[in-house]
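The structure appears right after this line, and notes come after that.
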Amino acid sequence: MAQPDLFAPPSPARDILSPGALLLRGFALDAAPDLLAGIAAIEAQAPFRHMVTPGGFTMSVAMTSCGALGWVTDRRGYRYAPHDPDTGAPWPAMPEAFRALAERAAAEAGFPGFAPDTCLINRYIPGAKLALHQDKDERDTGAPIVSVSLGLPATFQWGGLQRGDTVRRLALEHGDVLAWGGPSRLFHHGILALKPGHHPATGATRLNLTFRRAG
DNA sequence: CAGTAACA
DNA sequence: CACG
């Protein structure tokens, strides 16, 4: 077999962004319907809301969470909380389909045994963005971050340990999964302002799932 | 500072 | 890049 690859089924592309950071193109395509159904159920219990940063600005991205903990921000700062500050209720449980996808993606990226205890759900409408930042509110930085893109495409920024480090831009599409850990665990990243559009699965929005071990 | 705005 |  001289050219076996010519006849092999197309395998999802794997791009290495930096040591310990992998882009798994289309990895969540099969799971996407279950993920979207899960988001709808979570949203019914813990509605999306625009949180406020310590600086007093309202974020353009609408957020909610599921799992034992949820990421929250207000004038007091960033933190993980076991209850939804808007309702006082515990965050909705993390659906098994969420957990399973995150574990599979992490293993695929070289981080076996990933056991996320929180999933932050971000909803973008046109114009919404997330400035360059680090995920550094988690107790144990040993676990990776797994990020799933659904719906409208967006431009992802991938920087380095220092905020001033060179920033690379990548297009993320429906079903793409990003996983980063190890030496890249604290790398800066962000999302540029979403461009208007329509996606059959999500309409005029982009949804992102970010899995973490926070506690 | 997971922010905006003022730069050139 | 400075900022409050």
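Every chain is numbered from 1 and lettered A, B, ... according to where its sequence line falls, protein lines coming before strand lines. No experiment lies behind these values; they were computed from the predicted model shown.
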Q) How many Å lie between CG on Asp74(A) and P on dA2(B), as a whole number? A) 14 Å
(Q) Tell me whether Arg25(A) is salt-bridged to Glu173(A), with the criterion being a basic N under 4.0 Å from an acidic carboxylate O. (A) no
Q | Spacing between His189(A) atom NE2 and dA2(B) atom C1', to the nearest angstrom | A | 8 Å
Q: Assign the ring pair Phe211(A) / Phe98(A) to parallel, tilted or perpendicular, where the plane angle (0 to 90°) is split at 30° and 60°.
A: perpendicular
Q. Just by protein heavy atoms under 4.0 Å, how would nucleotides 3-8 of chain B read 5' to 3' in B, S and -?
A. SS----
Q. Given Watson-Crick or G-U pairs with both distances under 3.5 Å, what dot-bracket string fits DNA chain B, with | for other-strand pairs and [ ] for crossing?
A. ..||....
Q.
How long is the straight-line distance from CG of Leu152(A) back to OH of Tyr124(A), given to the nearest 0.5 Å?
A. 12.5 Å
Q. What is the nucleic acid contact for Asp137(A), judged by heavy atoms within less than 4.0 Å: base, sugar-phosphate only, or nothing?
A. base
Q.
Nearest whole Å is fine: how far is dA2(B) P from Tyr80(A) OH?
A. 13 Å
Q: Only one of Leu130(A), Leu209(A), Leu207(A) passes side-chain contact (heavy atoms from CB on, under 4.5 Å) with Asn122(A); say which it is.
A: Leu130(A)
Q) Between Arg104(A) and Glu108(A), is there a salt bridge with N-O shorter than 4.0 Å? A) no
(Q) What verdict does the salt bridge (charged side-chain N to carboxylate O under 4.0 Å, His left out) test give for Arg49(A) and Glu43(A), after you've listed the backbone C-alpha separation in whole Å, the side-chain angles of each residue and the deciding distance to 0.1 Å? (A) CA-CA 10 Å; Arg49(A) 80 293 308 265; Glu43(A) 174 180 7; over 6 Å; no
**Q.** Gln134(A) CD - dA2(B) C1' separation (whole Å)
**A.** 11 Å
Q.
Just verifying a value: how many Å separate Cys119(A) SG and Asn208(A) CG, rounded to the nearest 0.5 Å?
A. 8.0 Å
Q. Is the gap between the ring centers of Trp180(A) and His189(A) under 6.0 Å?
A. yes
Q) Rounded to the Å, how far apart are Arg79(A) CZ and dA2(B) P? A) 15 Å
